[in-house]
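Structure, as structure tokens:
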Amino acid sequence: MSNATAGGPGRIAGNGAVVARAPAKVNVHLGVGPLRPDGFHELQTVFLAVSLFDTVTVRRSAGLSLEVHGEGAADGAVPTDARNLVWQAAELLARHAGVAADAHLVVDKSIPAAAGLAGGSADAAASLVALDALWGTRATRGDLAALAAQLGSDVPFSLLGGVALGTGRGEQLSPVLARRRWDWVLGIAGEGLSTPTVYGELDSLRAAGELPDGVAAASTEPVLAALRSGPVGALAAALSNDLQAPAVRLRPELREALRAATEAGAAAALVSGSGPTVAALAEDEEGAARLAGELAGGGAFRAVRAVHGPVHGARLVG
């Protein structure tokens with residue numbers, strides 16, 4: 001992905017900054033297979049990028065430094081050192097390109113951490129695009145996609161955006177053409193859920209015979225067909241997430257949150273990824289606004305966001 005393909009012609013602003021942003025995602029289908037020898041689960045998932053964005057601003061600096069503002073910054077939920085995927089993305093791209101990892105990075109977060117929305121992955125993808133422009137590394141689309149896959153299972157999709165079928169551990173992507181806009185309301189819980197913990201709970205429930213063995217066998221075709229052309233009812237009927245049951249077991253109040261979404265008028269609702277965000281499907285933009293208003297006053301969520309998709313992946317802005 002060159003600067004042009006990453007997000008249009010790369011321009012460094014007069015203050016020396018490069019800005020990129022990347023979207024949150026919703027898994028409209030997530031089938032989880034058994035644990036693989038490498039410690040990951042085999043997945044069949046359908047990603048949808050939605051209009052909730054994190055922004056990363058990078059400038060030249062001696063060495064690496066990182067600031068985080070917005071969601072998760074005040075309570076320390078997002079680290080500002082080498083534990084952060086943004087930092088890791090900078091080091092990885094620098095090694096790949098043979099340049100010094102010299103940059104000051106500022107992450108402005110609107111996507112909550114540990115919410116099942118791939119916020120950390122979005123930050124990493126935006127960082128790759130911004131640093132490619134800042135450092136002039138001229139990375140190809142394939143280069144950045146390969147680096148993204150090393151950083152995490154969701155990072156390649158955060159780079160790509162739109163709609164895609166993900167296989168392997170989610171990093172092997174096949175883009176999907178979606179001809180219409182989909183409106184959603186995201187109900188964001190007060191406290192995040194650890195993705196490894198949710199997967200571990202799924203394994204425990206399956207080992208105890210409380211859930212079927214993971215074969216990731218449910219067909220993705222109904223959800224893909226619905227995404228391509230609708231109607232809303234078809235997508236509502238096709239939504240599925242194998243991680244919903246373990247997320248609800250770990251966070252029982254999610255059961256009431258899902259019920260609140262459907263009672264407020266959602267066509268359907270599911271836990272997004274490993275949770276605890278609830279993604280509620282609306283009939284249209286007007287319906288999403290009404291639904292967001294209902295849920296904002298209901299007390300089930302600390303924050304509510306009306307979003308739409310598909311939207312573009314990581315790209316330069318400004």
Side-chain angles (χ1 to χ4, degrees), residues 23-30 47-54 70-75 77-78 109-120 122 181-195 197-198 201 223 226-227 230-311:
K25 60 81 182 168
V26 172
N27 298 87
V28 293
H29 172 95
L30 180 51
F47 294 106
L48 172 70
V50 296
S51 58
L52 182 64
F53 297 93
D54 280 359
E71 280 279 355
D75 59 11
V78 182
K109 290 195 64 61
S110 296
I111 307 170
L117 297 171
R181 165 181 169 138
W182 296 96
D183 288 280
W184 299 79
V185 174
L186 303 180
I188 298 164
E191 184 180 344
L193 269 174
S194 159
T195 297
T197 300
V198 177
E201 182 69 12
V223 74
L227 282 169
V232 170
L235 182 58
L239 298 175
S240 65
N241 179 6
D242 283 355
L243 294 182
Q244 180 164 300
V248 170
R249 176 67 68 92
L250 291 165
R251 193 69 58 79
E253 59 268 29
L254 277 174
R255 194 181 310 278
E256 179 56 36
L258 289 161
R259 184 181 301 114
T262 54
E263 289 178 352
L270 82 167
V271 171
S272 178
S274 57
T277 298
V278 169
L281 177 63
E283 289 287 340
D284 51 27
E285 185 176 5
E286 183 179 341
R290 287 196 303 269
L291 178 59
E294 288 281 335
L295 293 179
F301 306 103
R302 71 169 176 84
V304 173
R305 300 284 185 269
V307 300
H308 66 272
V311 298

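Fair warning: this is a prediction, and the values are worked out from it, not measured in the lab.
The line from NZ of Lys25 to CD1 of Ile111 is 10.5 Å long, rounded to the nearest 0.5 Å. Atom-to-atom distance recorded for Asp183:CG and His308:NE2 is 7.5 Å, nearest 0.5 angstrom. Separation of atoms CD (Glu256) and CZ (Arg251) is listed at 15.0 Å; rounding is to 0.5 Å. Distance check, rounded to the nearest 0.5 Å: CG of Leu117 to OG of Ser110 gives 11.5 Å. Trp184 CH2 to Leu270 CG: the interatomic distance, rounded to the nearest 0.5 Å, is 6.0 Å. The line from CG of Leu295 to CZ of Arg305 is 12.5 Å long, rounded to the nearest 0.5 Å.
Minimum heavy-atom separation, Leu291 to Gly265: CD1-N, 4.2 Å. Taking all atoms of both residues into account, the shortest heavy-atom contact from Pro112 to Leu52 is CD-CD2, 4.3 Å. Minimum interatomic distance between Leu254 and Ala247 (heavy atoms only, all atoms of both residues): CD1-O, 3.7 Å. Of all the heavy atoms in Leu258 and Gln244, the pair that sits closest is CD1-NE2, 3.7 Å. In plain terms, the two heavy atoms of Ala267 and Val232 that are nearest each other are CB-CG1, 3.7 Å. Here the closest heavy-atom approach between residue Asn241 and residue Val271 is recorded as ND2-O, 2.8 Å.
Put simply, the side chain of Glu263 does not reach to within 4.5 Å of the side chain of Glu294, judged on heavy atoms. Taking the side chain as every heavy atom from C-beta outward, Val50 and Val311 never approach each other to under 4.5 Å. Inter-residue side-chain proximity for Asp242 and Leu30 is flagged as unmet; no heavy-atom pair is nearer than 4.5 Å. In this structure, the side chains of Leu235 and Val223 come closer than 4.5 Å at one or more pairs of heavy atoms.
Here the side chain of Thr277 pairs a donor or acceptor atom with the backbone of Ala115 at under 3.5 angstrom.
There is a side-chain donor-acceptor pair under 3.5 Å between Ser274 and Thr195.
Summarising the local packing, CD of Glu253 is surrounded by more than 12 heavy atoms from other residues, nucleotides or ligands at distances under 6.0 Å. The environment of CZ in Arg302 is crowded: more than 12 heavy-atom neighbours from other residues, nucleotides or ligands sit within 6.0 Å.
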